[in-house]
Amino acid sequence: MSTIYILLTRSKTLLSRTIHTLTGDSFTHVSLAFDARLESLCSFSRIVSILPLPSGLMHERLDRGYFGGHPHIRCALYALEVPHDAFCAARLRVTQMLAVRSRYHYSVRGLFLCRMGIREERPHYYFCSQF
């Protein structure tokens with residue numbers, strides 16, 4: 001068995017506050033990591049930490065970018081035990097996506113359709129929890 005880490009956060013950005021108001025969810029953003037130190041942390045998020053858009057597939061760092069500038073973000077960290085072959089497949093897929101990350105975009109439309117219960121799948125477009 002291997003471990004995939006799921007980091008849930010809720011910041012004080014306008015988008016995060018809007019999602020929280022609409023859903024009542026405790027957390028509004030999700031990131032994945034394949035190591036306990038969260039050095040491989042990635043998600044669909046801000047490309048430039050001070051601007052909500054553009055957003056896309058990003059390697060996130062807890063000591064830099066948005067997280068680095070806001071160290072007191074509400075969060076929860078989960079460790080998901082998965083079979084080693086599933087872990088390797090997921091890590092390989094994310095690594096491949098990061099290698100061509102300019103092809104991937106944040107799905108603002110998908111985020112709102114999801115809230116309305118409408119499923120939409122567009123190649124290369126994701127929001128953080130869809131990723």
Between atom [atom1] of [X] and atom [atom2] of [Y], what is the distance when rounded to the nearest 0.5 Å?
| X | Y | atom1 | atom2 | answer |
| --- | --- | --- | --- | --- |
| T9 | L62 | OG1 | CG | 9.5 Å |
| D35 | R91 | CG | CZ | 9.5 Å |
| E121 | Q130 | CD | CD | 7.0 Å |
| S43 | L57 | OG | CG | 8.0 Å |
| L113 | R109 | CG | CZ | 6.5 Å |
| I73 | F27 | CD1 | CZ | 11.5 Å |

Under the side chain to side chain contact (heavy atoms under 4.5 Å, CB included) test, residues paired with L32 that sit two or more places apart:
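Scan of L32 (side chain to side chain contact (heavy atoms under 4.5 Å, CB included), adjacent residues dropped) gives I4, I6, F131.
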
Taking side chain to side chain contact (heavy atoms under 4.5 Å, CB included) as the test, write out the residues that go with S129, two or more places apart.
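With neighbours one apart ignored, the set is V30, F127.
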
Do R101 and Y104 meet the cation-pi criteria used here (NZ or CZ under 6.0 Å from the six-membered ring centre, within 45° of the axis)?
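No, R101 does not sit over the ring of Y104.
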
Go through the steps to decide whether C42 and V94 satisfy the test side-chain contact (heavy atoms from CB on, under 4.5 Å), and finish with yes or no.
CA-CA 8 Å; C42 60; V94 170; 3.4 Å; yes

Let's go through L38 and Y5 carefully: what are the C-alpha distance in whole Å and the side-chain angles of both, what is the deciding distance for side-chain contact (heavy atoms from CB on, under 4.5 Å) to 0.1 Å, and is it a yes or a no?
CA-CA 8 Å; L38 305 182; Y5 296 89; 3.8 Å; yes

Give a yes-or-no answer on whether the side chains of S45 and E60 include a donor-acceptor pair shorter than 3.5 Å.
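Yes.
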
We want to know whether H29 and R10 form a side-chain donor-acceptor pair, criterion being a heavy-atom distance below 3.5 angstrom.
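No donor-acceptor contact under 3.5 Å links the two side chains.
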
Same apolar cluster (I L V M F W Y, side chains within < 4.5 Å links), L7/V82:
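No; tracing contacts between hydrophobic side chains, which count when under 4.5 Å, never links both residues.
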
State plainly whether one hydrophobic cluster holds both L98 and F34, where clusters connect Ile, Leu, Val, Met, Phe, Trp and Tyr through side-chain heavy atoms under 4.5 angstrom apart.
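Yes; tracing contacts between hydrophobic side chains, which count when under 4.5 Å, links both residues.
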
For a 4.5 angstrom cut-off between non-hydrogen side-chain atoms, does L8 reach L77?
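Result no, sub-4.5 Å side-chain heavy-atom pair not found.
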
Side chains of T13 and T18 in contact at under 4.5 Å (non-hydrogen atoms):
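No, side chains not in contact.
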
Return the minimal non-hydrogen interatomic distance between [X] and [Y], and the atom names on each side.
| X | Y | value |
| --- | --- | --- |
| H84 | S2 | ND1-OG, 2.7 Å |
| L41 | S31 | CD1-CB, 3.5 Å |
| R103 | H124 | O-CB, 3.1 Å |

side-chain hydrogen bond (donor to acceptor under 3.5 Å, both in side chains) partners of residues 69-83, not counting sequence neighbours, each pair once
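Every side-chain hydrogen bond (donor to acceptor under 3.5 Å, both in side chains) pair that includes a residue of residues 69-83, provided the two are not neighbours, is T3-E81.
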
Relative to each other, are the rings of Y126 and F44 parallel, tilted or perpendicular (30° and 60° limits)?
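Correct class here is tilted.
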
With a sphere of 6.0 Å drawn around CZ of R64, does it hold more than 12 non-hydrogen atoms of other residues, nucleotides or ligands?
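Open.
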
Suppose we screen for side chain to side chain donor-acceptor pair (under 3.5 Å). Which residues come up paired with S16, at least two apart in sequence or across chains?
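T28.
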
Only counting residues at least two apart or in another chain, list the ones meeting ring-ring contact (aromatic ring centres under 6.0 Å, His included) with F67.
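In terms of ring-ring contact (aromatic ring centres under 6.0 Å, His included), with neighbours along the sequence ignored, F67 is linked to no residue.
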
Could you tell me whether a side-chain N or O of H20 sits under 3.5 Å from a main-chain N or O of D25, the two making a donor and an acceptor?
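Side chain of H20 to backbone of D25: a pair is present.
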
Please assess Q96 against V100 for the test side-chain contact (heavy atoms from CB on, under 4.5 Å), listing each intermediate value before the final yes or no.
CA-CA 7 Å; Q96 290 171 336; V100 292; over 6 Å; no

Report the C-alpha distance between R115 and L22 in whole Å, list the side-chain angles of each, state the deciding distance to 0.1 Å, and finish with yes or no for side-chain contact (heavy atoms from CB on, under 4.5 Å).
CA-CA 8 Å; R115 176 64 185 136; L22 293 173; 4.0 Å; yes

Pairs touching residues 38-47 that satisfy salt bridge (Lys or Arg N to Asp or Glu O under 4.0 Å), sequence neighbours left out
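Counting only pairs at least two positions apart or across chains, the salt bridge (Lys or Arg N to Asp or Glu O under 4.0 Å) contacts touching residues 38-47 are R37-E39.
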
